[in-house]
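Side chains are part of it too, since the values below use all heavy atoms of this structure and drop only hydrogens, waters and symmetry mates.
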Amino acid sequence: MFRNLAPREIIKALTKARTNLTNLNYLVLRFDSLPERYHSKAFEVFLHHLQKPIEFPLLGDLKERQFVIISMSGLSALGVAYYSQYESHLVQCWPNAIAWAKAIFRLRLAQEPLRGSCLNAIGKMFYLASIINADLLKDDNIFDFAIELWKGDGSEEDDSFSARPILSCLDIKENWIVDFYKRLGWDASFLVRTMLGRYTAAVASNPTFLTIITVTDISHLFYKFVQEGSPDPVVDYLTHYPAVIPTLIKGLQAVLEDTDQTSEHVYAIRCSFLVVATLAPFNINTMRCAIDSGILRASLAFASNPERFQCEQEAVSLMNALQPGLVFRSVASAAVASMKNLAAKKIFDLPQMLQSAPTLFREEWTRFESLLLEQAVIFNLFDNGFAVESGSCAYCKKIANRKDFFKCSGCDILLYCSKKCQECDWERHRGDCKTVNENLGELLSAKISRASRRQGILQANRYWSSIVALARKKEIPLSDLGVQIVYDSAPFKLDVFDCRKVDPSSVESIISKEVLRASNEGLPCIMLKITHLGTVDIYMVYLNDDRGARGDGGARLTYGAIYVDEDNNKLYPATRDVVSDIISQSHALSKSNWRELWGKKPFEILVKEAMEDNVTY
């Protein structure tokens, strides 16, 4: 170690490093122990080797290339602290370092013993330039070389590339992400698959310093694409290619489990998580995929160790963004399965992790679990025949199971019990039907979802007392009532509106007209609008006859609020509510133990027992 050597011996070692490869390699490997007052002398030694002429006899000599590559590693080892003090030294060595890097990289030597060290040194030099003197990276030739380094050297034995140079260029100018994609010349599919392949290869091997750097850089590049206005084809492929999220989650878990943790590990994990946290809420499929792949466990790991990972806000936002997905069966089913898997892991201590997490995360997790349990109960009830939808013939007003009617094929809105009733109602309905069919029918048909409508009807029945109170507050007659449920973010919004005041040029006006007609004739009909991820579904629905005879919700205050009004006042279901009853009994049977609740799922048995008792709303 240099610290144990006398000054004269250190000077001698530095002098020998000009001519002796072993001494030069020792200098670089033990550079951390070299006293700072000798760093400038070391810089001169490293620069000496890079100032040699780039000629083929020299370039083709393995030993001479090793002198150059090791010296490049030495220049990069000087680090930010040195070049911050001696910026001119970085400017001085930069042309030589780039010239030699291009020459060695373009040799395409598959058997180059220091190929990994060379690429790592080049990457570090680009990084240092981005920190110390960004002007060094603004030349188009430098940008093109960074792209060349990302593409790789084309060797068949392995994929030799460096991502850090292009990342360093992208860090100094945000809109270069678009230029990078254009100059790269790859289509989105090949780019994303290449990134995933390189990421997978890095995490699949035994973790080393270089593979961890690769994981960090590629996850950082992913993050650039999802955050900085990247080309639409890339974003589209990232959000629709099913391997992206599972690969990143598997990778961050592998790095997380490595026993030899460094700051580079932390950054690699953080970058991977930030990409997943950005992609996961994109749509229903990405939410389900993320949950299936273990994002709940990962989020808990990050939130419970905020000082280490410093991404607690992203974990909080992700937990909130996943909640709207739980109203869909596929997402809720994936979440229930994930919670069951966590419950089966005896060493997984959920209460302890939540205790270590920030308050905001605990609040989001608590609401996530509450909502998940409610949705699990609702879907199980639906599967067992609960809350059969009612419908009414638009002509004779007969009320029965919605399945007993057929829809008008023109507007896709009105229901009829027979062809005869449809024919009798045609004269009245002809104008509206033609309007919808010509201008709005395709839009309306595409948005209609039985599952969404069925849940909306259930919640309107459950929260009827709150809905009535909101209508009175806004002075809306119940005969003109419309109900809107917004699932864009949690807690969900539940509000009311006047059907008479909808936009006359919209789809709503057609449905509003029919709702008001049915309501004025005494039918329990309302207009229901459901908003989810920016999409609005509009329905004409019929509520349960006994919705007003089940109390005011005061007894449900202890179970938390999933819905609020437009002023963020908490809303609660009616006193007599089968969903709340089953949730309460599930907590009682599991003794409020999360492992019992999700491991044994007592709510499934309770749903069957309730249906055997012919329970209604």
Side-chain angles (χ1 to χ4, degrees), residues 281-284 287 316-329 331-332 335 360 363-375 377-378 447-449 451-476 478 480-499 501-503 506-508 511-512 515 526-541 543 547 552-554 556-557 559-574 577 579-580 583:
F282 187 78
N283 58 37
I284 301 167
M287 290 184 192
V316 170
S317 298
L318 176 60
M319 289 309 304
N320 182 273
L322 289 175
Q323 291 171 52
L326 296 178
V327 300
F328 293 94
R329 183 184 292 268
V331 179
L360 287 177
E363 291 174 353
E364 291 295 341
W365 181 270
T366 299
R367 186 167 56 218
F368 178 89
E369 267 202 86
S370 297
L371 177 58
L372 177 58
L373 180 56
E374 177 170 301
Q375 289 302 118
V377 170
I378 288 173
K447 288 185 175 180
I448 287 189
S449 164
S452 174
R453 183 183 66 234
R454 194 175 181 189
Q455 281 204 66
I457 295 171
L458 172 63
Q459 301 299 3
N461 278 300
R462 294 182 66 211
Y463 287 85
W464 183 249
S465 57
S466 295
I467 289 170
V468 170
L470 291 172
R472 289 172 179 165
K473 182 179 178 181
K474 293 187 174 184
E475 299 182 345
I476 301 174
L478 295 185
D480 304 329
L481 183 63
V483 175
Q484 181 170 19
I485 302 175
V486 181
Y487 289 123
D488 285 346
S489 62
F492 303 145
K493 301 281 187 180
L494 193 155
D495 200 10
V496 296
F497 60 93
D498 193 328
C499 285
K501 298 179 180 180
V502 300
D503 182 357
S506 67
V507 178
E508 298 178 38
I511 298 178
S512 173
V515 167
I526 65 167
M527 183 174 175
L528 178 64
K529 292 171 62 176
I530 298 179
T531 303
H532 192 283
L533 300 179
T535 300
V536 181
D537 294 332
I538 310 167
Y539 308 110
M540 175 181 180
V541 300
L543 302 183
R547 62 191 181 282
D552 61 5
R556 300 302 174 190
L557 293 176
Y559 299 121
I562 294 172
Y563 291 85
V564 297
D565 64 17
E566 63 180 351
D567 297 320
N568 289 319
N569 297 310
K570 297 177 180 179
L571 303 176
Y572 299 95
D577 174 56
V579 175
S580 298
I583 290 172

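Between Glu374 and Gln459, some side-chain heavy-atom pair lies under the 4.5 Å cut-off. Contact check for Asn320 versus Arg367: side-chain heavy atoms found under the 4.5 Å cut-off. Looking at Gln375 and Val327, their side chains come closer than 4.5 Å, going by heavy atoms from C-beta outward. Put simply, the side chain of Lys493 reaches to within 4.5 Å of the side chain of Asn568, judged on heavy atoms. Between Ile457 and Leu543 the shortest side-chain heavy-atom distance falls below 4.5 Å. Looking at heavy atoms from C-beta onward, Ile562 lies out of side-chain contact with Pro491 at the 4.5 angstrom threshold. Val579 has its side chain out of reach of Pro573: every pair of non-hydrogen atoms, C-beta onward, lies at least 4.5 Å apart.
A distance of 8.5 Å separates CD in Glu369 from CE in Met319, rounded to the nearest 0.5 Å. For the atom pair Ile467 CD1 and Leu494 CG, the distance stands at 5.0 Å (nearest 0.5 Å). Here Tyr572 contributes atom OH and Tyr563 contributes atom OH; the two are 14.0 Å apart, rounded to the nearest 0.5 Å. Atom CZ of residue Arg453 and atom CG of residue Asp537 lie 10.0 Å apart, to the nearest 0.5 angstrom. A distance of 10.0 Å separates CE of Met287 from CD of Gln323, quoted to the nearest 0.5 Å. Atom CE of residue Met540 and atom CD1 of residue Ile526 lie 11.0 Å apart, to the nearest 0.5 angstrom.
Salt bridge annotation for Glu508-Lys501: absent, with no cationic side-chain nitrogen under 4.0 angstrom from a carboxylate oxygen. Using a cutoff of 4.0 Å between basic side-chain nitrogens and carboxylate oxygens, Lys474 and Glu566 are scored as salt-bridged.
Considering all non-hydrogen atoms of both residues, Leu481 and Ala471 come closest at CD1-CB, 3.9 Å. Contact between Leu372 and Ala332 at its shortest, heavy atoms only, is CD1-O, 3.6 Å.
With sequence neighbours excluded, the residues that form a side-chain contact (heavy atoms from CB on, under 4.5 Å) with Asn569 are Asp565, Asp567. Legend: residues meeting ring pair (Phe, Tyr, Trp, His ring centres under 6.0 Å) with Phe497, ordered by chain and number and at least two apart, are absent.
Between the side chains of Asp495 and Gln484, not a single donor N or O lies within less than 3.5 Å of an accepting N or O.
Below 30°, between 30° and 60°, or above 60°: for His532 and Tyr487 the angle between ring planes is between 30° and 60°, a tilted geometry.
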side-chain contact (heavy atoms from CB on, under 4.5 Å) between Asp498 and Glu475, worked out: CA-CA 9 Å; Asp498 193 328; Glu475 299 182 345; over 6 Å; no

